Colleague: 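Here it is, the structure in full.
The figures that follow rest on heavy atoms only: side chains count, while hydrogens, waters and symmetry mates do not. Everything numeric in this text was worked out from a predicted model, so none of it was measured.
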Amino acid sequence: MKIATWNVNSLTVRLPQVLAWLDQHSIDILCIQELKQVNEKFPKDAFQELGYDAVWTGQKTYNGVAILSRSSLEDVIVNNPLYPDTQQRLITATCQTSEGPMRVICAYCPNGSALDSDKYNYKLEWYAALNQFVEAQMKSFPNLTICGDYNIAPEDRDVHPKYTGDILISPKERAAMQALSGLGLTDSFRLFDQEEKLFSWWDYRMMGFRRNAGLRIDHILLTPSLAQHCTACVIDKAPRGNEQPSDHAPVVATLSLSFA
């Protein structure tokens, strides 16, 4: 089973690229962030033609998340019931696997903008509520994965030396992500030896991708029962080289599971 996460930065713009990528790869579950479209515009039929069930929540211009699965999705929760929010950033669903029910959470975590902004405080509050939600979900679902754009680079090795910002790498942000790991979640990418300077996001400006001046901010976290089945995790940089690409690349984790 291959589970992927991809911030597409407008599904309306990037739909042909997403469909082509899914057609070229054997992806069983794809978590998508930044739909940037209202619910009525979600291209459900296009994904159904490729064999995917889909759940989503969107809003005009900003945010929006979706889960695609080659098996039916059940028990859907939109947003975080512990944190009322008009921004559509979280969706959760269950699929049935050979190891029992697997809970899939797709998250588009806030950027934070700047350390002295209200958006930064919102980010920290949002993460604290996410932590509570995930902890509660893990009690019911030992097999759980949370996939998405975390807007946090966990360690210095996840940041290109030329990155000069302080947002996405501040101590409080990293502590918020470490709190998730403290629940028993594992960063699937770090289960394996990886090359240096592998990133999942590159700024459109200043030739960020050409210079590889990026950050690793897109992650697939796994509970212990899933981590023991994880056999690989890679960042697929190829779509970032497309014409009019998203500024993010897909991350793909492979698990020795199958759908039930």
Side-chain angles (χ1 to χ4, degrees), residues 1-8 11 14-15 17-35 37 39 42-58 64-81 88-108 133-134 136-149 185-189 191 218-234 236 239 250-260:
M1 176 183 292
K2 290 187 177 181
I3 301 174
T5 185
W6 191 3
N7 179 324
V8 299
L11 187 56
R14 243 65 70 177
L15 179 61
Q17 297 183 38
V18 174
L19 294 175
W21 187 76
L22 288 171
D23 195 44
Q24 295 165 7
H25 299 80
S26 298
I27 303 299
D28 298 288
I29 296 172
L30 173 60
C31 292
I32 305 174
Q33 302 85 44
E34 280 205 90
L35 304 180
Q37 59 186 195
N39 284 334
F42 185 81
K44 178 181 179 181
D45 292 345
F47 292 126
Q48 281 186 332
E49 289 182 10
L50 290 181
Y52 290 97
D53 189 17
V55 296
W56 67 93
T57 180
V65 287
I67 303 173
L68 310 181
S69 172
R70 290 195 179 275
S71 181
S72 60
L73 294 165
E74 310 163 346
D75 304 324
V76 179
I77 296 177
V78 174
N79 293 327
N80 184 348
Q88 305 303 299
R89 294 182 172 276
L90 201 71
I91 192 164
T92 304
T94 299
C95 59
Q96 301 299 324
T97 78
S98 54
E99 295 295 320
M102 180 172 70
R103 198 65 162 157
V104 180
I105 302 174
C106 176
Y108 174 45
F133 175 71
V134 172
Q137 291 291 300
M138 288 174 64
K139 291 177 181 177
S140 299
F141 297 95
N143 299 323
L144 179 146
T145 179
I146 173 168
C147 311
D149 175 2
L185 294 167
T186 298
D187 180 353
S188 57
F189 188 76
L191 286 170
D218 302 89
H219 312 295
I220 297 175
L221 303 188
L222 305 171
T223 53
S225 57
L226 291 183
Q228 67 181 353
H229 287 284
C230 190
T231 60
C233 185
V234 298
D236 184 359
V251 180
V252 184
T254 304
L255 277 62
S256 58
L257 300 175
S258 61
F259 287 122

Colleague: So which atom in A107 and which in V65 form the shortest heavy-atom distance, rounded to 0.1 Å?
Modeller: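 Smallest heavy-atom distance, with atoms named: C-CG1, 4.5 Å.
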Colleague: Could you give the distance from CD1 (I146) to SG (C106), rounded to the nearest 0.5 Å?
Modeller: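 Here the interatomic distance stands at 9.0 Å.
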Colleague: When you compare the side chain of E74 with that of P101, does any pair of heavy atoms fall below 4.5 Å?
Modeller: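 A side-chain contact is absent here, since even the closest heavy-atom pair is not under 4.5 Å.
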Colleague: What distance do C147 atom SG and I3 atom CD1 have between them, rounded to the nearest 0.5 Å?
Modeller: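 With rounding to 0.5 Å, SG (C147) is 6.0 Å from CD1 (I3).
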Colleague: Would a distance-only check, ignoring hydrogens and angles, find a side-chain to backbone donor-acceptor pair under 3.5 Å from S225 to P142?
Modeller: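 Checked: pair present.
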Colleague: Closest heavy-atom contact between V251 and I220?
Modeller: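 Nearest pair, atom of V251 first, then I220: O-CD1, 3.6 Å.
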Colleague: What I'd like to find out is whether the side chain of I27 reaches to under 4.5 Å of the side chain of Y52, using heavy atoms alone.
Modeller: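 The answer is yes, as the side chains (C-beta and beyond) meet within the 4.5 Å cut-off.
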Colleague: Does G58 offer a backbone N or O that forms a donor-acceptor pair with the side chain of Q88 under 3.5 Å?
Modeller: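 Checked: no pair found.
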Colleague: Examine distances only and state if a side-chain atom of S98 and a backbone atom of F259 form a donor-acceptor pair shorter than 3.5 Å.
Modeller: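 The answer is no, because no donor-acceptor pair under 3.5 Å joins these two groups.
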Colleague: Kindly indicate whether the side chain of N143, heavy atoms from C-beta on, has any atom under 4.5 Å from the side chain of H229.
Modeller: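 The answer is no; the side chains never approach within 4.5 Å.
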Colleague: Is the shortest heavy-atom distance from the side chain of W56 to the side chain of I32 under 4.5 Å?
Modeller: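 Contact flag for W56/I32 side chains = no.
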Colleague: Which one of L221, L226, I105 satisfies the side-chain contact (heavy atoms from CB on, under 4.5 Å) criterion with T145?
Modeller: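 Testing T145 for a side-chain contact (heavy atoms from CB on, under 4.5 Å) against L221, L226, I105 leaves exactly one candidate, L226.
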Colleague: For D28 and L255, what are the C-alpha separation, side-chain angles and deciding distance, and is it a side-chain contact (heavy atoms from CB on, under 4.5 Å)?
Modeller: CA-CA 10 Å; D28 298 288; L255 277 62; over 6 Å; no
Colleague: Testing the basics here: between S71 and S69, what is the closest heavy-atom pair and its distance to 0.1 Å?
Modeller: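 That would be O-OG, 2.7 Å.
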Colleague: side-chain contact (heavy atoms from CB on, under 4.5 Å) for D236 and W6? Distances and angles first, verdict last.
Modeller: CA-CA 10 Å; D236 184 359; W6 191 3; over 6 Å; no
Colleague: Can H219 and F189 be said to form a side-chain contact (heavy atoms from CB on, under 4.5 Å), step by step?
Modeller: CA-CA 7 Å; H219 312 295; F189 188 76; over 6 Å; no
Colleague: Taking side chain as C-beta onward, heavy atoms only, is D23 less than 4.5 Å from L19?
Modeller: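 No - every pair of side-chain heavy atoms lies 4.5 Å or more apart.
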Colleague: What's the verdict on side-chain contact (heavy atoms from CB on, under 4.5 Å) for L73 and V104, showing C-alpha distance, side-chain angles and the deciding distance?
Modeller: CA-CA 9 Å; L73 294 165; V104 180; 5.7 Å; no
Colleague: Testing the basics here: between Q37 and P43, what is the closest heavy-atom pair and its distance to 0.1 Å?
Modeller: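 For Q37 versus P43, the nearest heavy atoms are OE1-CD, 3.4 Å.
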Colleague: Within this structure, what is the OG1-CD distance for the pair T94 and Q137, rounded to the nearest 0.5 Å?
Modeller: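 Spacing of OG1 (T94) from CD (Q137) equals 7.5 Å.
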Colleague: Can you check whether C233 reaches L191 side chain to side chain, under 4.5 Å on heavy atoms?
Modeller: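 Result no, sub-4.5 Å side-chain heavy-atom pair not found.
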Colleague: Output the distance between atom CG (L68) and atom CG (D53), rounded to the nearest 0.5 Å.
Modeller: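 Separation between the atoms: 9.0 Å.
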Colleague: When you compare the side chain of T223 with that of F141, does any pair of heavy atoms fall below 4.5 Å?
Modeller: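 Side chain of F141 against side chain of T223, heavy atoms only: no contact under 4.5 Å found.
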Colleague: About how many Å separate CD of E34 and CZ of R89, when rounded to the nearest 0.5 Å?
Modeller: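 Going from the CZ atom of R89 to the CD atom of E34 covers 8.0 Å.
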Colleague: Rounded to the nearest 0.5 Å, what separates atom CG in D218 from atom CG in D149?
Modeller: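 The CG atom of D149 is 4.5 Å from CG of D218, to the nearest 0.5 Å.
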Colleague: Is the side chain of R14 donor-acceptor paired with the backbone N or O of L35 at a distance under 3.5 Å, no angle test?
Modeller: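 Not at all, since once roles are kept as given, no pair shorter than 3.5 Å links the two residues.
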Colleague: Can you find a pair of side-chain heavy atoms, one from L90 and one from F133, that are under 4.5 Å apart?
Modeller: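 Side chain of L90 against side chain of F133, heavy atoms only: contact under 4.5 Å found.
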